[in-house]
Every structure is written in C-alpha cells, then in structure tokens.
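Quick notes on the structure that follows.
The figures that follow rest on heavy atoms only: side chains count, while hydrogens, waters and symmetry mates do not. In what follows, every chain begins at residue 1, and chains take the letters A, B, ... in the order their sequences are listed.
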Amino acid sequence: MINITFPDGAVRQFEKGTSALDIARSISEGLARKVLSASVNGQVQDAARPILEDATLKLLTWNDTDGKSTFWHSSAHLMAEAVESIFPGVKFWVGPPVENGFYYDMDLGDRKLTEEDLGKLEKKMNELAKQNNAYLRKEISKKDAVKYFSDKGDEYKLDLLQGLNDGEITFYTQGNFTDLCRGPHIPNTGFIKAIKLTNIAGAYWKGDEKNKMLTRVYGVTFPSQKELDEYLHLLEEAKKRDHRKLGKELGIFTMDDDVGPGLALWMPNGTIIIEELEKLAKESELAGGYKRVVTPHIAKENLYLTSGHLPYYKDSMYPPMELEGVKYYLKAMNCPHHHKIFAAEPKSYKDLPLRLAEYGTCYRYEQSGELFGLMRVRCLHMNDAHIYCSKEQFYEEFKAVNDMYLKYFKIFGIDKYVMRLSLHDPTKLGKKYVNEPELWKETEALVRDVLIKTNTPYVEVPDEAAFYGPKIDVQIWSIIGREFTLATNQVDFAQGRSFKLEFTTHDNKAETPLIIHRAPLGTHERFIGFLLEHYAGKFPLWLAPVQVKVLPISDKFLDYAKTVSQQLKKADIRAEVDDRNEKIGKKIRDTELMKVPYMLVVGEKEMTENKVAVRRHGKGDTGTENIGEFVNRISIEIKERISE
RNA sequence: GCCGUUGUAGCUCAGUGGUAGAGCACUUCCUUGGUAAGGAAGAGGUCGUGAGUUCAAUUCUCAUCAACGGCUCCA
C-alpha cells in the first residue's frame with residue numbers, strides 16, 4: 001500500500017501501482033471523466049500512469065493551467081494525426097501548448113496549406129477525437145528511437161533525439177500516430193469536443209531566421225462546444241478593444257501610405273491626449289528635480305560613432321543623408337544629444353545629480369514585418385530623461401525613478417506588469433555588449449540591490465541588456481495578448497566614458513558619472529496605444545479629448561447650450577455643443593459611441609432654472625445640477641486625474 | 001526581412017471577364033423632437049499601384065506597395 005496526500009492535506013491509502021485515474025474514480029465517476037493529467041509529487045504526468053510510492057497528488061482538470069496545457073498538447077498530437085492522414089509524408093518538428101491553444105510546426109515539402117485545408121483538418125480531427133483513442137506511453141531506447149525515425153526519414157525528430165539520452169525517451173501513440181514526446185497526455189482523444197484551427201503561419205526552424213521556414217498551424221480546443229463559443233466571443237470583444245480600431249473610431253491617429261509605414265499622424269483628439277500626458281510628465285519631472293531640454297532630430301554620423309550606437313544599431317536606423325560630404329542620421333535615441341548638453345559646461349559634484357528630460361522624437365527603421373499599429377512604429381516620441389550621478393548617488397536616483405514608475409502605474413490603474421532585470425551575457429562581451437566585465441558585474445549588482453531593497457518584484461533575464469549596461473524593462477500585455485516593453489530604466493556606465501563626461505569631485509579629481517536612462521511613460525505611440533486598449537477607449541475625464549458634450553433638446557435651446565459650453569471652457573474644460581438638427585436620442589447615442597465622459601442635456605426646464613441635466617457615459621441620467629456645481633465637481637475630477 | 005492572407009465609397013462589407021452596389025457617415029430639405037438611430041432627396045469610387053493575357057480586366061496572370069496573422073527582431 002502507498003500513502004497518497006491530497007491538496008487539502010488528507011492522506012489515503014491505495015494499492016501500489018494504482019493510477020491517478022483510479023484514484024479519481026474511487027472518489028467519483030464524474031471526477032474521473034474530468035481528469036486530464038495529474039501532478040504527482042509536483043511532477044505533471046499521465047493520469048493513467050501507475051503510482052509506485054507515497055506521493056502528494058493533485059488531479060488536474062480543465063480548471064488547472066497544467067491540465068489545460070496537457071489538453072492542448074494532446075490536441076496538437078491529434079492535429080498532427082489529422083495532418084498526417086491528409087498529407088502523408090509530412091514531417092513534424094515540435095507541437096507545444098501555448099497560452100491560448102497549441103501549434104504544431106511541420107515540413108510539408110512543396111505543398112501549401114490553405115484556409116480550406118484547415119476546415120478539412122478540423123473535420124478529420126473531430127472524427128479522430130470521436131474514436132476515443134487512448135494516448136499510449138512507451139519508453140524506448142535511444143537506439144530504437146533513432147532507428148524508427150531514420151526509417152521514416154524524419155530528420156527533424158532525429159535532430160530532437162540528439163539532445164536526449166537513454167532513459168528519458170518516450171513515444172506516445174494515439175490511433176495511427178506516433179510521436180517522440182515527453183508527455184504527459186490526456187487519457188484519450190474523446191475528451192476533445194470542440195476544435196478550431198485558427199491560423200497558418202510560417203515559423204523558422206528552431207526560431208533561427210537562417211534556417212528553413214516550417215509551416216505552423218495554430219489551433220485551440222475545448223472540452224465542450226460552449227467553451228469554444230465563449231472563447232470566440234471573447235476574441236470578438238478583444239477585437240473591439242484593438243487600439244487600431246478604437247484609434248480610428250475616436251479620431252486619435254491615422255496612418256497614410258503617402259506618409260509611410262510606421263509613421264503615425266496624430267489627429268486633434270490624439271494630440272489632446274499627448275498634451276495631457278506631457279503635462280503630467282512635466283509636473284512630476286519638475287517635482288523630481290529634472291530640467292527640460294530640447295534637441296534636434298538629426299545629428300552627424302560622428303555623434304553616434306562616439307556613443308557607440310552605430311556599430312550596434314545601424315540596421316535599425318534610417319540610412320544617412322549626406323550633405324557637404326558629411327553624413328547625418330535621424331536620431332534613434334536622445335542620449336547622445338543629452339550627453340553633449342552635459343558636456344557643454346564643466347561640471348562639479350555640486351551639479352550632480354543632473355537630470356535632463358525631453359519628450360524626444362526618435363526615428364527607428366523597424367523591419368517592415370515588425371510594425372504594429374501604434375505599438376511598434378518608426379517615429380516615436382519618448383518620455384526620455386538622463387540622470388547623471390555619482391556612484392554614491394545611484395541608489396537614491398534609481399529608486400526615485402522606480403517610485404515615479406509606480407506613481408504612474410497607480411494613476412493609470414496598471415496592475416498587470418512585470419519588471420524585468422535584463423542582464424548581459426558574458427560570452428558576448430565585445431560583440432553585443434561593451435567589453436567591460438567588471439563594470440557589468442558592478443552595475444548589475446547595484447540595480448539588483450535597489451530592486452531587493454525596495455521590495456520590487458522582478459524577474460531576471462540573461463542576455464537582454466542594452467549594449468551599455470543592465471536595464472529594467474516593464475512588460476505589459478495588450479488586450480490582443482501581445483507583450484510589450486512599456487517603459488525602460490537603464491544603467492549606462494559606457495557612454496559617460498566614450499563621451500569623456502566628467503565632473504570634479506570633492507577632492508578635486510575628475511570622475512565619470514553613471515548615467516541612468518529612463519522612460520517611465522515609454523513613448524506616446526506605445527503608451528497611448530496601450531491606454532486605448534486598457535480603457536477600451538473610455539478615457540478617464542482628464543484624458544478624454546472631449547470632456548463634456550452639451551446636447552440641446554432642439555434648436556430653440558442652442559443659444560443656452562452655447563452659453564453653458566462657454567462657461568465650461570472658461571473653467572478649462574474641453575466642451576463641445578452638438579448643434580446638429582437631430583433628435584436628442586440620436587445625439588445621446590452618437591455621444592455615447594464617442595465615449596465622451598459627460599453629456600449635458602439642456603432644454604426648456606434647464607434653461608429656465610439655469611441648470612443642466614447630467615448624463616455620465618455608461619451610467620445614464622444622473623439628475624440635474626447647477627452649472628457652477630457641475631463645473632466645480634468635475635474640475636476636481638480632472639485635477640486629481642481620477643480614473644473610474 | 002521571411003511565410004501566409006487580404007486590398008471595392010470616409011467606415012463596415014456585397015458583387016461581376018462586358019467600364020460597380022448596400023447600410024452607416026456626408027450634403028440639402030422636411031421635422032423642433034426630453035435620455036442609445038425621425039423622414040425624404042442628393043452627392044460620393046479610373047475596384048491599392050504598374051505591367052501582361054484578352055475584342056474587352058475591378059474580376060485572370062505577374063510584379064510592386066500597404067495592411068493583417070505569425071516567425072525573426074526590438075537601444
């Protein structure tokens with residue numbers, strides 16, 4: 001007998017060799033029908049595998065992330081079986097579960113998959129699923145495994161086998177499909193009730209662009225049709241929040257072929273948001289002791305040679321223009337310009353820390369395939385600043401920057417983010433990273449120290465640093481599920497030297513300052529793109545392009561509406577009058593669709609009483625108020641930057 | 001940059017080898033209406049661009065540009 005410990009702490013005895021599935025069955029048939037895999041002593045494995053010793057057991061179902069992964073992993077195998085039956089001779093690479101479903105990479109030779117094929121594959125998968133074929137696990141020696149795939153002529157699986165040793169190689173077979181796989185899998189294909197193959201894409205073998213491109217098919221499956229329907233509905237909802245769609249509907253930005261890809265044109269509504277964000281940045285930077293500067297959009301080649309950017313990032317910069325025998329580049333970053341401002345006048349320790357801030361315009365030649373709405377563009381406006389400080393000042397400065405991030409996150413209600421401490425890879429010194437092994441270690445320790453001492457949750461990622469030093473990136477997720485670096489906070493020990501930046505210390509010696517690059521609000525492009533999705537276009541009052549729309553019941557009250565709007569404007573409230581010859585219902589509908597926070601309906605009653613009937617977006621009629629009261633109330637909402 | 005898909009009116013989308021249609025938006029008129037679409041009329045497109053096949057191309061072929069979904073990349 002063996003002791004099985006359940007998640008609630010209960011311990012029960014079972015016969016040795018019993019499986020998680022048996023155990024589930026002993027609890028209830030219903031549970032057994034839901035078990036997808038099992039976590040045995042923390043190890044996720046097939047529910048059908050015999051348990052041979054005392055163990056803690058968690059039965060994994062659709063409600064567990066690991067259960068879902070098992071389900072989707074098995075679905076990938078099911079899809080592979082369908083592909084193989086329709087396209088014999090296909091060779092497979094890997095087919096893992098992902099956040100929302102699974103994919104399988106395959107080499108179809110000269111054949112191409114079409115959308116129609118996806119329909120056929122779905123149909124085939126449904127057929128195969130109904131056969132309730134078990135996923136059978138088999139341990140196999142490396143020799144036999146190699147033979148199996150050599151006979152098949154499958155160079156991809158042979159490549160995978162190279163990295164594996166005897167004792168860790170298993171095959172899984174369901175129906176007519178056998179795959180090299182470490183598992184685990186669901187008990188049988190019958191669990192898969194609803195199937196949707198979502199798209200066909202190319203993917204480089206092993207993720208290396210030098211390698212052959214394989215065909216990747218993405219799909220998602222569910223234990224019931226209802227869940228698939230819900231998922232598809234969710235996708236529809238997400239589409240409505242896409243910043244590209246909202247940006248168009250709300251008149252925030254536009255792109256134009258004649259202007260160029262990745263070059264956003266900010267429309268009047270978008271510009272208001274930009275100006276509000278800059279106002280916020282200026283306020284907090286003023287409070288933080290920053291000084292504002294302005295620098296040109298171009299500079300001579302030499303500046304970027306000094307900074308070291310050209311050798312590292314030439315491909316990402318617009319090609320130079322040559323004038324009078326001198327090459328000029330559009331700036332891809334503001335730092336070299338700021339360094340020159342630092343260098344313009346001799347500095348002493350009394351001038352430090354020096355904090356130079358600018359909403360700088362940068363141009364980056366991102367690869368065409370990378371462009372994505374406002375999230376990835378070629379012209380960007382960065383909430384940039386550089387802090388020049390001594391090593392002793394570093395901790396306080398870095399912490400202050402961190403605090404600024406947190407302050408912003410609070411204002412915008414950003415609670416899902418991850419701070420990534422990006423470190424260098426010592427094997428790439430002198431190539432991807434400046435060759436200063438000691439300084440790397442030192443500064444990485446400094447940054448880690450700040451994060452630990454301030455109790456900031458973070459993850460460390462190797463080989464992601466800037467070429468001049470370690471950095472902290474703030475990762476966020478767009479509603480479409482893409483991950484972005486929203487903001488960045490970097491340490492730079494290299495450029496100070498290359499620009500020969502110096503300050504005179506207490507004891508009259510020359511020292512190079514450390515530089516902190518920081519951009520808590522990232523770029524206008526990415527940040528507003530994010531905010532559009534974050535708020536689903538329903539901007540808080542302080543950011544809303546139109547804050548109040550005055551809606552006269554009919555033309556008779558148009559003059560009164562204009563008077564109201566004038567009073568609002570006098571109080572710096574962005575107000576407009578809907579002077580169209582339309583019924584009030586229509587005016588309300590259109591204003592709701594434009595997501596204007598406040599609507600003031602004015603007619604006979606309001607005019608005689610000198611009042612307004614207030615309607616809040618999404619909430620409806622909230623009653624009448626005196627104009628003065630209303631102005632006072634929302635002025636506070638604006639000033640405090642309250643988000644609902 | 002690579003693989004795939006798409007490109008028709010401001011927007012959303014039909015459609016066809018014989019030089020194009022709907023709804024919304026827009027303009028004008030009627031209507032002056034109290035909390036999510038009042039009515040009528042009108043205007044608007046060399047069907048992404050270029051070339052080829054054809055008596056004839058928006059439709060077929062090729063190229064090109066752009067967008068979209070991925071891959072790679074992201075100071």
Taking every non-hydrogen atom, the tightest pair across A:F102 and A:T221
CE2-CG2, 3.7 Å
Regarding A:E604, tell me which of base, sugar-phosphate or nothing describes its non-hydrogen contacts under 4.0 Å with the strands shown.
base
Please tell me if A:K586 has a side-chain N or O lying less than 4.0 Å from either OP1 or OP2 of B:rA25.
yes
Given the structure, check if the side chain of A:Y365 and the base of B:rG1 hold any donor-acceptor pair shorter than 3.5 Å.
no
Scanning both residues in full, the closest heavy-atom pair of A:R497 with A:T512 reads N-CG2, 3.7 Å
Check for me whether the distance between the ring centres of A:F222 and A:Y231 falls short of 6.0 Å.
yes
Is a donor-acceptor pair below 3.5 Å formed from side chain A:R580 to base B:rC26, judging by atom type as modelled?
no
Find the distance A:Y204:OH to B:rC3:C1' and express it as a whole number of Å.
8 Å
Closest nucleotide of RNA chain B for A:G620 versus for A:E366: which of these residues is on the 5' side?
A:G620
What is the nucleic acid contact for A:A201, judged by heavy atoms within less than 4.0 Å: base, sugar-phosphate only, or nothing?
base
Result for side-chain hydrogen bond (donor to acceptor under 3.5 Å, both in side chains) between A:Y388 and one of A:H339, A:E397, A:R355 points to A:H339
Output every pair passing side chain to side chain donor-acceptor pair (under 3.5 Å) with a member in residues 418-428 of chain A, not counting sequence neighbours, ordered by first then second residue.
A:R420-A:E464, A:H424-A:E444, A:D425-A:T427, A:K428-A:D463
Of all residues at least two apart in sequence or in a different chain, which pass the side-chain hydrogen bond (donor to acceptor under 3.5 Å, both in side chains) check with A:D105?
A:R216
Of all the choices, B:rU35, B:rG1, B:rC68, which nucleotide is nearest to the side chain of A:S368 once you look at every atom?
B:rG1
Indicate, with a heavy-atom threshold strictly under 4.0 Å, whether A:G369 touches base, sugar-phosphate, or nothing.
base
In whole angstrom, give the distance that lies between atom OH of A:Y318 and atom C1' of B:rA75.
16 Å
Which of these nucleotides, B:rA67, B:rG34, B:rC71, is closest to any side-chain atom of A:P261?
B:rA67
Base, sugar-phosphate alone, or nothing: which one does A:R615 contact when heavy atoms must sit under 4.0 Å apart?
base
Given B:rG1, B:rA75, B:rA67, which nucleotide is nearest the side-chain atoms of A:E370?
B:rG1
Among B:rG69, B:rA36, B:rA66, the one nearest A:D257 by side-chain distance
B:rA66
Just to be sure I understand the rule, does A:I584 reach a base, reach only the sugar-phosphate, or reach nothing, if contact means heavy atoms closer than 4.0 Å?
sugar-phosphate
Hunt down any stem RNA chain B takes part in, defined as 3 or more consecutive Watson-Crick or G-U pairs whose two distances are each under 3.5 Å.
B:1-7 with B:65-71, B:10-13 with B:21-24, B:26-30 with B:38-42, B:48-52 with B:60-64
Between B:rC71, B:rC73, B:rA36, which nucleotide has the shortest distance from any of its atoms to the side chain of A:Q367?
B:rC73
What residues from residues 545-564 of chain A pass a heavy-atom cutoff of under 4.0 Å to RNA chain B?
A:I553, A:S554, A:D555, A:K556
Aromatic ring of A:Y313 stacked on base six-ring of B:rA75, 5.5 Å, 30°:
yes
Checking all strands, does A:T114 fall into the base, sugar-phosphate, or nothing category for heavy-atom contacts under 4.0 angstrom?
nothing
Between A:Y468 and A:H517, is the ring centroid distance below 6.0 Å?
yes
Can you identify which nucleotide, out of B:rG70, B:rG34, B:rA66, has its nearest atom closest to the A:Y218 side chain?
B:rG70
Looking at B:rA75, B:rG70, B:rG69, which one has an atom nearest to any side-chain atom of A:Q490?
B:rA75
Would you please name every residue forming a side-chain hydrogen bond (donor to acceptor under 3.5 Å, both in side chains) with A:Y408, sequence neighbours left out?
A:S284
Heavy atoms under 4.0 Å, any strand shown: does A:G373 hit a base, just sugar-phosphate, or nothing?
sugar-phosphate
Shortest side-chain distance from A:R244, nucleotide among B:rC68, B:rA66, B:rA75:
B:rC68
Between CE of A:M594 and P of B:rA25 the distance, given in whole Å, is 14 Å
To the nearest angstrom, how far is A:L214 atom CG from B:rG70 atom P?
18 Å
With distance as the sole criterion, do the side chain of A:E606 and the base of B:rG34 form a donor-acceptor contact below 3.5 Å?
yes
Quick check on contacts: within residues 458-471 of chain A, what sits under 4.0 Å from RNA chain B by heavy-atom distance?
A:Y468, A:K471
Heavy-atom count around A:K538 NZ within 6.0 Å, excluding the residue itself: above 12?
no
